[in-house]
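Letters A, B, ... are given to chains in the order of the sequence lines, protein chains preceding strands, and every chain is numbered from 1. Since the model is a prediction, treat every value here as computed from it, not as a measurement.
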Amino acid sequence: MNEELRVAVDRRSGGAVLYTKGYINNVGGEEIANRAYELMNDGVRVLLLNLRETKIVNSIGISILIEIIEKMIEQGGKIGFCCLTPVIHKTFQIMGLANYASIFADEETAAKELGLAA
Amino acid sequence: MPLAELLSELQQIEKVAAHDHAPLILGAFARHTPFDGGAIYLRETRDAPLRLAAAHSFEAPAILADDQSLAMARLLVPLRTTRDHLGMLALSGESATDEDVRSASAAATYLATLLANHRLLQETREGDFQLKYRLWELESLYDIGLSIAATLNIDDLADEILFRMISLINARRAALFLRDGAGFRLYRSFGEVRSDFLDEDLAQQLVREGVPLTFEENTDCIFPACMAFVALPIRGNSDVIGVLAAADRETRDGGIGAFEANELRLLSLFASQVAIALENARLHREALEKQAMERELELAATIQRDILPKAIPEVEGIEIATLARPAKQVGGDYHAFFVRDGVLTMLVADVAGKSMPAALLVSALHAATQLLFAEGREIGDIATELNRHIHNWSAENKFVTMVIVSIDRENETLEFVNAGHNPAYIVHHGKDGGKLDQIRSHGLPIGILPSTRYSTQRRPFPPGSSVVLYSDGITEAEDVAGEEFENARLEEILAAGTTPAALRDSIAASVDHFTAGAPQKDDQTLVIARSLA
C-alpha cells in the first residue's frame, strides 16, 4: 500500500468530477485543493469528489476538505462526495462535512442530483 | 477623506486577520486616505511577536517591539481591543492633515475590531473542529473495537488496523509486525518499510518495557528517512504477539512533528483493541483449520469405509472372520477378498501415512488390485505389478506393506506373498492345541523400489488349519503407559486355537483390555480364515 494520493479530473457539462486514489492527508488534501481551486478559478461551480479508491483520511485532510467546501460555498457553488467507505462516511458526518456538502452512495446518483452530465 | 468608503472596503476584505490579506488593507488606506505608504504588523497568536505582514513605500523591520517607534511613520497606531494587542498599523504620507490622522486612527480602531472578530471566529471554528475531532477519536476507538473484533480474516484485519491507526494519529506511514518465532515479521505496511523483520534490539526493548517508544530523527528506524516514529507492543494473553509502528505525524501547519502524549494514549488504547482482535482472528483460524481437518478425516474415513468389503465372501469349506477398526485419525489399513475357481485370496495392507493422503493411496491400491486379480494373475505377479504401479504413481515417500494369501483347499496348500508386512500366522490345530507357523516378509514394502519382484511362496495348509492376517494396529496397540500389545500376546491367543470368529473376538477383547481406554492410534485389522476339516 502506498501513501501518495493521486487525483484525476473529469470535466463535464455542469461541473467536474475529481477521482482520488490514496491517502487524504496534508499532502493529499493540498493536491485536491489545488485541483479544486484551479477548477473554481476556471468557473466551475459544481464539484463531485469520488472517493472510491480512498480508504484513509486524517484530520488534516478533513480540515482541507472543509476549506474547499467553504470556498465553493462562498462562490455560490456546491460540492458533493460519493462512494465513501463506511469509515470515511462516518468520519465526514462527525466532523461536520455532511452539513455543508452532499454525500451520495454512488456516482450516478450524485451526478444526477448535482446536475452533472453523466 | 471618505472614511465611510474606507471602512466599507476594510469590511469587505475577507480573512482580514490573515497575513496574505494585509496588502489589501494597506491598499484600501492608500486609496481612501492621503497616507500613500505604510506597514502592517500582526501577531499570529496572543503571545507571538509583532511580525511584518505587509509594507508599501515604507521601511519596516520584520519584527517590531511593542514600544518601538518607526521613523517614517506619520501615524503609528496599535490595533488593539480591550483584551488583546493584535497588531500595529504604521502609515506615512506627507500631505496628511491632522484631520486625516484622526480619521485614520478611527479607521484603525475599526480595523482592530474586524481583526478581533475574525480572530474570535477562527478560534471558535478551531474549537468546534477540535471538539468534533475529539468526538471522532472516541467514536473511532469504539468503532475499532466493534469493527476489528468482527473481522476474523487476518488479512482484512491487518488493513483495518493500519487504516484506523494512520487516520487516528495523523501518521504518514505505518506497519504491523506479527510474532514469528523469537522475532517479529512485517505483516502489512502502509508506505515504505526498511526491513521485513523488526530490529532485534528494538523488539527486545518493546517486549521488556511494554509501552510505546518514540524516536525522533532516527535515520536507522523502521521507516526509511522518517522524521519521527513510534513503536508499541501488542500484548496478547500471555506474550507480545505483535508490534505496531507509525511514522511522521502531520501537524496542522503542514509540517511533521513528534508523536505526543495524546497520540501515545490513543495508540495504547488502540493496541489493546488490536490484541483482542488478533487473538480472535487466531482462534477463528485455528477453529477453521480444525473444522477442515475434521472434514478431511471424515471424507478419508468415508473413502476407506466404501472401499472395504461390505460382506465376507462365502467359500465352501472355509470359515472367515474379520475385524476393521479405524483409528480416529484415519490410517491406511486395507483388506480385500478375491475368489476364483474355489480358491480364496485374502489381502491385508497398511499404507504409510494417515488421513486423506493415506486414504487416496488406499483407493489407488484398491483399484489396481481389483484390476490385477480380474486378469487372473498369480499373487507374486500381482504384487510385482502393484509395486511398479504404486512406485510410479504415488508420492516419493509413499509405500504399502502387504500380505496376500491364497487358500487352495483342493491341493491343501497356502500360497502367500509378504511384502514388508507383519508376519502372518498359520495355526495348525492339534490335540495339544495350536501350533504356529509364521509367514514372514520376504520382500520390500510395495512402492519402495521400482524393480522389486515378488515370488509366490507356498506352505502346506491341511484341513483344520487357520491363517491369521493382521495389521500393526493390533500388535502395536499401546496401553496408557505406552507399552505395546506385541506379538507374544497375540500368539498366546492364537495358540489356544478356536474358530475364526472366536479368535477375532478374543483378540479384540484382549487388545481392549490391554489398552484399557488409551486412545487408539492406528487402524486395527484382522482377517482370519480356517479351512474346515
Distance-only donor-acceptor check, side chains A/Asn25 and B/Glu250, under 3.5 Å: yes
Do you know which two heavy atoms are closest between [X] and [Y], and how far apart they sit?
{"X": "B/Gly255", "Y": "A/Asn26", "result": "N-ND2, 4.3 Å"}
{"X": "B/Phe129", "Y": "A/Ser59", "result": "CZ-O, 3.5 Å"}
{"X": "A/Tyr23", "Y": "B/Ala171", "result": "OH-O, 2.5 Å"}
{"X": "B/Ser167", "Y": "A/Ile56", "result": "CB-CG2, 3.7 Å"}

Mark yes when over 12 heavy atoms from residues, nucleotides or ligands other than [X] sit less than 6.0 Å from its [atom1]; otherwise mark no.
{"X": "A/Lys21", "atom1": "NZ", "value": "no"}
{"X": "B/Glu126", "atom1": "CD", "value": "yes"}
{"X": "B/Arg31", "atom1": "CZ", "value": "yes"}
{"X": "B/Phe197", "atom1": "CZ", "value": "yes"}

Heavy-atom pairs under 4.5 Å with chain B, option from A/Ile66, A/Ile60, A/Val87, A/Ile62 with the top count: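 Option with the greatest count: A/Ile60.
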Pairwise distance OH(B/Tyr133) to CG(A/Asn58) - rounded to 0.5 angstrom: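 Taking OH in B/Tyr133 and CG in A/Asn58, the distance rounds to 7.0 Å.
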Contacting region of B/Arg125 [heavy-atom separation from chain A under 4.5 Å]: side chain
Pairwise side-chain contact, A/Lys55 with B/Asp159, heavy-atom cut-off 4.5 Å (strictly under):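 Sidechains of B/Asp159 and A/Lys55: no contact.
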